[in-house]
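Every chain is numbered from 1 and lettered A, B, ... according to where its sequence line falls, protein lines coming before strand lines.
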2 protein chains.
Amino acid sequence: MDTDDELRIDAPHRELLDQILDKWSLSVLNELCERPCRFNELRRAIPQVTQKSLTATLRRLERNGVVERKVASTRPVAVVYRITPLGKTLRHPVDVLLAWASQNMPAIERAREDFDEREEEAHL
Amino acid sequence: MDTDDELRIDAPHRELLDQILDKWSLSVLNELCERPCRFNELRRAIPQVTQKSLTATLRRLERNGVVERKVASTRPVAVVYRITPLGKTLRHPVDVLLAWASQNMPAIERAREDFDEREEEAHL
DNA sequence: CAGTATCCGTCTTGATACTG
DNA sequence: CAGTATCAAGACGGATACTG
């Protein structure tokens, strides 16, 4: 029985979402949606990320075609990252998700408190 | 300058998305959107998940208020998991995301191949 | 049935140092 | 400036065994 409407999760979907919705990707995408950035600009914009993780994130996003990396052969080299057309199409789904998160954050925090309280009671 | 429209990612948002979009959550949500399930029903429905991970996923979802856990004190105990009203509202954003993934999967796979090819060339 | 407990290997992360 | 390389620490996932 697979008369299910949409919510089908298979391996490729999962992998894709893992690569694009990971810890730093959304922040990077956010920055690059506003303007193209240099590597160190991004670091300053997202101070918590280490250069290692930022490099990894950018590579992943580049590989998946949502970010473009351009090297100018000046001295010293200048590297510019910018969002691709494909990357821009990501903005809508992500916004929908973030809108959901914002709207329901209060309800979720209440749920968490309730849960944690019940937990405590149970462990007396 | 923070005249940015929406894509703001702060720690609470990130944490929330991590909890709800993690490896098994979407599959579980998928099942529970169709019908309430027993623990072992879920295991059969998602054969790749171990009971440890399934337990952890269900606890997390329960804590965030998207899944409800009900224990019937029969012998042996019967535990039923069902989606909450809050959980149902998650379906739309997730569907939007999955629709994006389905639509753009071909483009993404092309991007990956191109990237990997360029990588190889570079390493000759 | 619906878990918990434990061990163990992997995968990720961060810190630090170095390079063209 | 924009990375790469390396190593250690910790989180995570899977396999197995056990319990009310």
Side-chain angles (χ1 to χ4, degrees), chain A residues 9 11 14-28 31-32 35-64 67-82 115 118-119 122-123, chain B residues 9 11 14-28 31-32 35-63 67-82 115 118-120 122-123:
Chain A
I9 321 287
R14 263 257 48 92
E15 196 209 342
L16 180 54
L17 296 185
D18 280 347
Q19 304 222 338
I20 285 173
L21 296 182
D22 85 306
K23 194 170 182 190
W24 302 112
S25 294
L26 290 184
S27 303
V28 170
E31 289 305 317
L32 295 183
R35 63 182 182 295
C37 278
R38 306 279 298 270
F39 185 82
N40 280 352
E41 274 185 281
L42 283 171
R43 287 193 66 186
R44 279 189 293 276
I46 312 165
Q48 308 91 326
V49 72
T50 62
Q51 76 279 56
K52 183 180 174 180
S53 300
L54 182 55
T55 303
T57 300
L58 287 167
R59 284 286 172 288
R60 214 178 10 249
L61 293 177
E62 191 195 353
R63 179 165 186 267
N64 286 281
V67 156
E68 179 197 23
R69 177 175 184 270
K70 224 166 214 157
V71 185
S73 38
T74 54
R75 261 293 314 172
V77 288
V79 178
V80 178
Y81 292 92
R82 65 180 72 233
F115 182 92
R118 271 179 281 136
E119 279 288 87
H123 284 301
Chain B
I9 320 285
R14 265 255 47 92
E15 195 208 342
L16 179 55
L17 296 185
D18 280 346
Q19 304 221 340
I20 285 173
L21 296 182
D22 85 306
K23 193 170 182 190
W24 303 113
S25 294
L26 289 184
S27 302
V28 170
E31 290 304 318
L32 295 183
R35 64 181 182 294
C37 278
R38 304 280 299 268
F39 185 81
N40 280 352
E41 275 186 280
L42 283 171
R43 288 193 66 187
R44 279 190 293 277
I46 312 164
Q48 308 91 326
V49 72
T50 62
Q51 76 279 59
K52 182 183 175 180
S53 300
L54 182 54
T55 302
T57 301
L58 287 167
R59 285 286 173 288
R60 216 179 8 251
L61 293 177
E62 191 195 353
R63 178 164 187 270
V67 157
E68 180 198 23
R69 178 175 184 268
K70 223 164 216 159
V71 185
S73 37
T74 54
R75 261 293 316 173
V77 288
V79 179
V80 177
Y81 293 93
R82 66 180 72 234
F115 183 91
R118 269 179 282 136
E119 279 288 88
E120 262 187 62
H123 284 299

- Can you name the side chain to side chain contact (heavy atoms under 4.5 Å, CB included) partners of A:A56, sequence neighbours left out?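 So A:A56 forms no side chain to side chain contact (heavy atoms under 4.5 Å, CB included) with any residue.
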
- Message: Both A:K52 and A:Y81 contact DNA chain D. Taking the nearest nucleotide for each, which residue is further toward the 5' end?
- Response: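 The residue whose closest nucleotide sits nearer the 5' end is A:Y81.
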
Nearest-Å distance, [atom1] ([X]) to [atom2] ([N])?
{"X": "B:K23", "N": "D:dA11", "atom1": "NZ", "atom2": "C1'", "result": "14 Å"}
{"X": "B:D22", "N": "D:dC12", "atom1": "CG", "atom2": "P", "result": "10 Å"}
{"X": "B:R43", "N": "D:dG13", "atom1": "CZ", "atom2": "C1'", "result": "14 Å"}

Donor-acceptor pair, side chain of [X] and main chain of [Y], under 3.5 angstrom:
{"X": "B:T57", "Y": "B:S53", "result": "yes"}
{"X": "B:T55", "Y": "B:Q51", "result": "yes"}
{"X": "A:D22", "Y": "A:D18", "result": "no"}

- Task: Taking all heavy atoms of B:V80 and all of B:P36, pick out the closest pair and write down the distance.
- Result: CG1-CB, 3.8 Å

- Item | Boundaries of the chain B footprint along DNA chain C (any atom under 4.0 Å from a heavy atom) |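 Range of nucleotides touched by chain B: C:dC1 to C:dC7.
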
- Message: Which residue in the set A:L32, A:V79, A:V28 passes side chain to side chain contact (heavy atoms under 4.5 Å, CB included) when paired with A:C37?
- Response: A:L32

- Item | Axial bend angle, the helix from C:dC1-D:dG20 to C:dG20-D:dC1: five-pair end segments, nearest 10° | 50°

- Message: For the CD atom of B:E41 and the CD1 atom of B:I46, what is their distance to the nearest 0.5 Å?
- Response: 11.5 Å

- Query: Has B:S53 got a side-chain N or O lying under 4.0 Å from the OP1 or OP2 atom of D:dC12?
  - Reply: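 For D:dC12, neither OP1 nor OP2 has a side-chain N or O of B:S53 closer than 4.0 Å.
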
- Touch check for B:R69, heavy atoms < 4.0 angstrom, all strands: base, sugar-phosphate only, or nothing? sugar-phosphate

- Side-chain contact test, heavy atoms from C-beta onward, threshold under 4.5 Å: evaluate it for B:F39 versus B:L58 and give yes or no.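 Result yes, sub-4.5 Å side-chain heavy-atom pair found.
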
